[in-house]
Amino acid sequence: MDILRICTWNIKKGQYLPLLLKQISENKTFSGLDIFGIQESFIHKELEDAGEIVKKLGPEYKYFQQNMQIRKNVLQGNALIWNSKRIKITKKESFFLPDVYGKHMPRWEKMFFKFIPKQERNCIVAEGKFGKKSIRIYVTHLDVLGYSHKRAQLKAIFTHSDLQKPVDITCVIGDFNTFKIATRPKWKNLSKDAEMAGFRDLTTEIVWTFSRPRVRFKQKLDSIFIKPFDFHYKSWSPNIKGSDHIPVFCDITVK
């Protein structure tokens, strides 16, 4: 048996990158990482945030950052970091997720998108080997608004997975922007879609991953989905500073 350690973290455009890098250097949990998915990874002074993180993790770590969205004249995107001594990546690419103006979006949702700029969302996908097991990894960041729209974006990832050759382990990790007001929405259909596709969210025990301390506002936005879901696992989310999100970890026992 072996332990596969996964982390996902929205780093808020690298706004607090020096503090974030300090946390990664000092927290032992990061030193045992196999897979690290990052959202809102920017380029600062011609240096990619993911590349700066890799320097702190060590020479065995490699990265792939895909910058596809311009926000305030700065490129942002998703990134995948992996321990090359433990995971052999043989293929990596990205694809666009459905845009905000889906044909089946309810009218009340369309009203919101009249007042916000159109954003392009992408998903990184990589394939390789973890020991003798084949593995496929998706790193994504779904749109902020739109219940049906987020559902369509996540389904697009599951559909992409279904069209690929079968692998032993498939991970879908990232910021899914599952905001709630009080208890609405419940996101039950998102969970059902995942289970129908053979995935399970291994982070349901985690209460929150995003906060606005000034207004005492906390939400659970980040998750790790795994297929098949017959692995033993442990997930946690330590309150580490460096972003408005905190990192989400999961240890999976692979036989």
- Item | With F179 via ring-ring contact (aromatic ring centres under 6.0 Å, His included) - residues at least two apart | F210

- Can you tell if the side chain of F95 reaches within under 4.5 Å of the side chain of Y138, non-hydrogen atoms only? yes

- Non-hydrogen atoms of H245 and W9 that approach each other most closely: O-NE1, 3.0 Å

- Task: Compare all side-chain heavy atoms of F176 with those of T140 and state whether any distance is below 4.5 angstrom.
- Result: yes

- Is there side-chain contact between S191 and D201, with at least one heavy-atom pair below 4.5 Å? no

- Without hydrogens or angle criteria, can the side chains of N122 and Q66 be said to hold a donor-acceptor pair below 3.5 Å? no

- Query: Would a hydrophobic clustering, with Ile, Leu, Val, Met, Phe, Trp and Tyr connected at side-chain separations under 4.5 Å, put F64 with I157?
  - Reply: no

- Run the side-chain contact (heavy atoms from CB on, under 4.5 Å) check on E93 and V125 step by step: do they pass? CA-CA 6 Å; E93 58 187 11; V125 56; 3.6 Å; yes

- Applying salt bridge (charged side-chain N to carboxylate O under 4.0 Å, His left out), which residue pairs with at least one partner in residues 39-52 are found, sequence neighbours left out? E52-K55

- Answer yes or no: are there more than 12 heavy-atom neighbours, outside K56 itself, under 6.0 Å from its atom NZ? no

- Closest approach of G198 to F229 (non-hydrogen atoms, all atoms of both residues): O-CD2, 3.5 Å

- Note on the structure: Contacts satisfying salt bridge (charged side-chain N to carboxylate O under 4.0 Å, His left out) that involve residues 22-39 (not counting sequence neighbours) are K22-E26, D34-R86

- Query: Do K220 and T203 come close enough that some side-chain heavy atom pair is under 4.5 Å?
  - Reply: yes

- Query: Does I24 share a hydrophobic cluster with L17, counting links as ILVMFWY side-chain heavy atoms below 4.5 Å and allowing steps through other members?
  - Reply: yes

- Task: Go through K62 and I89 one step at a time and tell me if the side-chain contact (heavy atoms from CB on, under 4.5 Å) criterion holds.
- Result: CA-CA 10 Å; K62 308 296 180 184; I89 297 296; over 6 Å; no

- Message: Tell me whether Y61 contacts the main-chain N or O of L33 through its side chain, where contact means a donor paired with an acceptor under 3.5 Å.
- Response: yes

- Query: So how far is it from F30 CZ to I240 CD1, rounded to the nearest 0.5 Å?
  - Reply: 4.5 Å

- What's the spacing between C171 SG and F225 CZ if we round to 0.5 Å? 12.5 Å

- Message: Side chains of I35 and I135, heavy atoms from C-beta outward: is any pair under 4.5 Å?
- Response: yes

- With F231, which residues qualify under ring-ring contact (aromatic ring centres under 6.0 Å, His included), at least two apart? none

- K91, K92, R136, K88 screened by side-chain hydrogen bond (donor to acceptor under 3.5 Å, both in side chains) with E127, the one that passes: R136

- Item | Common cluster, L80/V248, ILVMFWY with side-chain heavy-atom separation under 4.5 Å | yes

- Query: Within a strict 4.5 Å, meaning less than it, do heavy atoms of the T29 and W236 side chains meet?
  - Reply: yes

- What closest approach, in Å, do S237 and P247 show between heavy atoms, and which atom pair accounts for it? OG-O, 2.7 Å

- Query: Just wondering, do W208 and I246 contact through their side chains at under 4.5 Å, heavy atoms?
  - Reply: yes

- Message: Give me each pair satisfying salt bridge (charged side-chain N to carboxylate O under 4.0 Å, His left out) with a member in residues 186-198, each pair once, sequence neighbours excluded.
- Response: R151-D193

- Task: Answer yes if V167 and I87 sit in the same cluster of Ile, Leu, Val, Met, Phe, Trp and Tyr residues linked by side chain heavy atoms under 4.5 Å apart, and no otherwise.
- Result: no

- Closest non-hydrogen atoms of S41 and I11, given as atom of the first, atom of the second and distance, are CA-CD1, 4.1 Å

- Query: Is the NZ atom of K12 crowded by more than 12 outside heavy atoms at less than 6.0 Å?
  - Reply: yes

- Message: Using 0.5 Å steps for rounding, measure from the SG atom of C7 to the CD1 atom of I38.
- Response: 8.0 Å

- Query: Hey, are the side chains of T253 and I3 touching, using non-hydrogen atoms and a 4.5 Å cut-off?
  - Reply: yes

- Measure the CG-CD1 distance between L57 and I81 for me, rounded to the nearest 0.5 Å. 6.0 Å

- Report the C-alpha distance between N177 and H141 in whole Å, list the side-chain angles of each, state the deciding distance to 0.1 Å, and finish with yes or no for side-chain contact (heavy atoms from CB on, under 4.5 Å). CA-CA 8 Å; N177 270 319; H141 186 186; 3.4 Å; yes

- For K227 and F158, run side-chain contact (heavy atoms from CB on, under 4.5 Å): C-alpha distance rounded to whole Å, both residues' side-chain angles, the deciding distance at 0.1 Å, then the answer. CA-CA 10 Å; K227 176 183 178 179; F158 295 149; over 6 Å; no

- Item | Gap between atom NZ of K234 and atom CZ of R5 - 0.5 Å precision | 6.5 Å

- Item | Expected output: side-chain S211 to main-chain K218 donor-acceptor under 3.5 Å | no

- Would you please say whether a donor-acceptor pair under 3.5 Å links the side chains of T8 and Q39? yes

- Query: Does I124 share a hydrophobic cluster with Y63, counting links as ILVMFWY side-chain heavy atoms below 4.5 Å and allowing steps through other members?
  - Reply: no

- Message: Checking the side chain of S235 only, and the main-chain atoms of L202 only, is there a donor and an acceptor separated by less than 3.5 Å?
- Response: yes

- Item | Q153 side chain to P98 backbone, donor-acceptor under 3.5 Å | yes

- Task: Look only at the side chain of S94 and the backbone of C123, and say whether a donor-acceptor pair between them is shorter than 3.5 Å.
- Result: no

- Task: Please check if the side chain of Q23 supplies one atom and the backbone of L19 the other of a donor-acceptor pair under 3.5 Å.
- Result: no

- Item | Atom pair CG (D244) and CZ (R212), whose distance is rounded to the nearest 0.5 Å | 5.0 Å

- Query: Are any of the side-chain nitrogens in D2 or K132 under 4.0 Å away from the carboxylate oxygens of its partner?
  - Reply: no

- Query: salt bridge (charged side-chain N to carboxylate O under 4.0 Å, His left out): which pairs involve residues 164-179, sequence neighbours left out?
  - Reply: none

